[in-house]
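Before any comments, here is the structure.
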Amino acid sequence: MRPDTIALSRGQRLALTAASFALIAVASMALGPLISGSGWWWMCAFIAAGTLFGGAGLRAIRTPASLVPVLELVILVLLLTLLFGGTTSFALIVPTTGTFTEFGELLGGAERTIQQQSVPAIPVPALTFALALGVGVLAVCIDILVQTVRMPALAAAPALVPILIPGFIIEAGAEAPTLVLAAAAYLLLLRVDVRVRRRARIMAGDEGDDAATVISPARVPIASTLGATLGLAGAGLVVAAVLAASTPSISTSLLLGTGNPSTIFGRGVSPFIDLGRDLRRPDPSPAFHYFSPDGERPYFTLLTLDRFEGATWGVTDTAIDGDNTVDAMPRPEGLSSEVRADEHPIDVTIDEVRTTWLPVPYPTTRVDGLRGSWFWEDGSLAVRGIDADTAGQRYQANWLEVDPTPAQLRAADRRVSDEFTRFLALPDDLPQVISDTAAQVTGTAATPYDAAVAIQAFLRSPDFEYSTEAPVEDGYDGGGFDVIAQFLESRAGYCVHFASTMAVLAREVGIPARISVGYTQGSPSQERVGGLQRIEVDSHDLHAWPELYFEGVGWVPFEPTPGRGLVPDYSRPGAGEGAGPPIPQSGSAAPSASGRAAADPGGGITGTGGGLALADSWWLRGGVIALLAAAVLLAPAALRAGQRASRLRRIARGERPADAAWSELTATARDLGVDVGIADTPRAVASRIADREGFAADEAGAALIVLRDAVERERYGPALRTGVPDADLIGALETARAALADDERAVDRIRAVLIPRSLVDRAQAAFSERLSPGT
């Protein structure tokens with residue numbers, strides 16, 4: 001196949017550009033099942049339109065074909081700067097060194113948010129940037145194939161890229177309607193190309209040197225090429241459908257994998273899998289520190305495990321809701337207004353822990369000051385980043401200190417609503433020792449609350465020992481029911497075993513239960529800032545604890561691990577009855593048990609620096625974009641209007657008035673598409689213009705002669721005056737310009753105003769003069 005070298009008109013190239021835009025815009029719709037909302041598609045369409053039609057504009061001003069793709073990439077960078085450059089750009093659109101640094105951070109964040117997000121993903125700025133960049137590059141590739149190389153059939157290759165991507169991620173692949181629309185867009189492009197190619201050959205009279213001369217019809221028969229075009233498009237549709245349907249899916253739940261499976265923070269990976277190894281590392285590393293104005297020292301939750309499948313605990317995999325922003329978090333599930341809940345502020349600074357799960361007390365009502373995009377999860381209120389991690393974060397959290405009374409807990413309804421039955425799920429083959437222990441420990445409990453207190457007291461009794469050196473053979477490091485059964489026999493383990501055992505025993509007696517993984521309250525330091533004491537939290541404070549659900553109170557934490565953390569007052573034996581000795585507590589002297597704190601290379605993702613700025617100021621940026629687009633569209637008209645006003649002032653001041661009037665007349669003619677050369681003499685131009693119908697009237701013809709004679713006298717007889725008053729020159733100019741416009745259609749007159757050809761011709765002439773030899 002040889003590229004077609006026949007020159008195309010501006011209109012023909014514009015038609016190809018429009019068809020190319022339709023193809024890439026429709027093809028990008030195939031990503032719809034992977035990304036929530038439609039705002040990302042509109043942004044990608046804007047990028048594709050700006051790049052493709054910018055290339056059309058470059059060709060309209062006769063830019064060398066080899067430079068157009070390069071300049072299209074420049075346009076792409078300018079558009080990306082406008083949308084994502086933020087404060088790093090100059091005049092909102094010109095990139096700086098900081099802009100490219102920001103782009104690098106966005107690409108890094110996009111890579112990690114792809115690894116972390118579930119389908120459908122939230123189009124955070126990092127992901128949207130990657131999509132916009134990818135669509136822009138594909139648009140340039142399509143434009144090269146269609147316009148530069150003139151092989152539009154090959155445009156199917158870049159268009160297939162977004163169509164094939166869903167097949168790698170979800171089982172269904174691209175949606176059938178999208179495939180049909182993509183095939184239709186491809187058909188349209190081929191059809192437009194056939195029509196343009198045939199029309200260009202007819203206009204050029206290109207029949208070949210040795211071919212017989214044939215008079216071609218004025219209109220190309222549609223049926224002449226329709227069959228071949230439909231056949232080619234149909235074959236493309238079949239190929240796209242087969243590829244999209246047969247491509248193996250990588251994951252049915254995550255956008256592109258699960259990240260590093262060795263991290264406890266990775267979504268879908270058991271957080272207990274490496275706990276034993278982590279706990280046996282003797283040297284702690286700083287995690288974070290905080291200041292609590294009210295002096296409160298809460299537990300900090302990273303993530304909540306609610307799915308127990310027998311072998312392990314895990315997180316129920318659900319897509320993040322883009323509306324769940326951390327600036328306003330809901331009241332916790334089941335919490336009645338009758339239960340005391342005091343709100344406390346707390347300032348947290350991350351030291352070394354790096355994870356996509358944010359350490360916050362449960363329940364938290366809002367978080368401020370975070371970089372990147374963070375969202376809370378339904379039910380657990382765990383806060384998760386999708387284009388940022390905790391590294392270097394400083395934030396303020398408002399959390400509720402829920403303080404129920406034993407009477408309120410005892411009064412909780414025994415019935416479990418349907419939405420909480422999943423927190424009672426246990427495997428069918430539960431070891432007998434678990435059932436026997438549950439019956440033995442809670443046999444005399446009058447209420448679910450009393451049963452929970454009894455289970456906690458049982459696990460904190462002297463019969464159990466906290467030990468990170470408990471037997472670890474045969475998978476003892478974990479929270480599955482086999483491990484729990486072994487733990488109940490050996491009665492030695494660490495917080496994972498205590499928390500898992502209490503949660504399973506609670507479920508066995510009908511109390512909804514889950515496990516929180518995070519940090520205990522930390523240790524006070526000697527440092528004070530503004531009268532507030534600094535609390536240090538390190539990797540030895542890592543911890544796991546159970547939370548049990550009571551209707552009217554909500555999720556309530558318990559502390560079954562002896563020698564660890566803080567036992568809530570409401571969970572002490574005899575609480576509310578004036579009986580029961582205090583339960584021993586300890587700080588965080590022993591190594592804790594809930595994961596790797598210092599390094600989480602796979603689970604964390606890099607922040608973007610200006611993460612939510614785009615989302616938060618979308619309307620502002622949209623307004624700026626609209627204004628800039630209008631300014632770009634109207635700039636040529638404004639320049640042309642300024643040029644006309646300048647020439648009229650020259651006439652009024654008598655500064656070579658005839659030359660100014662004639663320049664304005666010829667510029668108007670070129671704007672309207674009249675074939676007027678810059679080097680043509682006034683008499684040749686006047687002769688060509690006089691043949692138009694608008695000058696058949698005596699007044700218009702006379703005005704043209706007045707302008708011609710005046711400019712000839714002024715140019716070729718400098719010592720002579722034009723002999724025409726300036727006011728008469730202006731009147732003759734306006735009459736001649738009106739006659740020129742009378743012969744054109746309304747659409748051509750509008751085009752002449754918005755896209756004045758005279759400006760382009762003048763710029764080209766100046767550019768050629770500068771490049772000519774001897775200058």
Side-chain angles (χ1 to χ4, degrees), residues 306 308 313 333-336 338-339 402-418 420-427 430-464 479 481 484-485 487-489 491 493 495 497-516 544-562 564-585:
D306 55 8
F308 183 63
W313 287 84
E333 293 177 310
L335 179 59
S336 169
E338 297 178 358
V339 178
V402 180
D403 187 19
T405 64
Q408 290 170 327
L409 291 168
R410 285 193 177 93
D413 195 338
R414 292 174 179 267
R415 293 172 298 179
V416 178
S417 59
D418 293 341
F420 292 100
T421 55
R422 65 187 180 92
F423 297 101
L424 294 173
L426 289 172
L430 198 68
Q432 189 62 39
V433 64
I434 295 178
S435 300
D436 293 344
T437 301
Q440 176 186 350
V441 173
T442 66
T444 61
T447 66
Y449 160 73
D450 293 311
V453 172
I455 295 172
Q456 177 181 271
F458 167 70
L459 294 173
R460 292 187 66 93
S461 69
D463 295 335
F464 287 85
F481 63 77
I484 293 173
F487 168 70
L488 289 173
E489 295 290 342
R491 301 203 169 189
C495 64
H497 305 118
F498 286 95
S500 299
T501 301
M502 182 167 182
V504 170
L505 291 177
R507 288 190 175 192
E508 176 68 11
V509 298
I511 307 174
R514 66 189 188 186
I515 296 175
S516 284
W545 63 94
E547 292 180 340
L548 278 56
Y549 183 81
F550 297 92
E551 189 64 38
V553 178
W555 290 102
V556 176
F558 286 79
E559 185 51 270
T561 307
R564 297 290 295 151
L566 179 67
V567 178
D569 290 339
Y570 55 77
S571 69
R572 300 172 185 272
E577 301 174 358
I583 297 178
Q585 303 173 28

Only counting residues at least two apart or in another chain, list the ones meeting side chain to side chain donor-acceptor pair (under 3.5 Å) with Asp403. none
If we ignore hydrogens and angles and just use 3.5 Å, is the side chain of Glu551 paired with the main-chain N or O of Gly334 as donor and acceptor? no
Taking only residues two or more places apart in sequence, or in another chain, which ones meet Ser435 in a side chain to side chain donor-acceptor pair (under 3.5 Å)? Glu508
Just wondering, do Val416 and Pro512 contact through their side chains at under 4.5 Å, heavy atoms? yes
Check whether the side chains of Thr447 and Asp450 place a donor and an acceptor atom closer than 3.5 Å, and report yes or no. yes
Apply ring pair (Phe, Tyr, Trp, His ring centres under 6.0 Å) to Tyr549 and list each qualifying residue two or more places apart in sequence or on a separate chain. Phe420, Trp555
Quick one: are Leu505 and Val441 in side-chain contact, heavy atoms under 4.5 Å? no
Donor-acceptor check, side chain of Thr421 to backbone of Asp418, threshold 3.5 angstrom: yes or no? yes
Can you tell me if Ser500 uses its side chain to pair, donor with acceptor, with the backbone of His497 under 3.5 Å? no
So, Gln408 side chain and Glu338 main chain: donor-acceptor pair closer than 3.5 Å or not? yes
Between Arg460 and Glu559, is there a donor-acceptor pair closer than 3.5 Å when you use the side chain of the first and the backbone of the second? yes
For Arg514 and Glu547, indicate whether the former's side chain and the latter's backbone hold a donor-acceptor pair under 3.5 Å. no
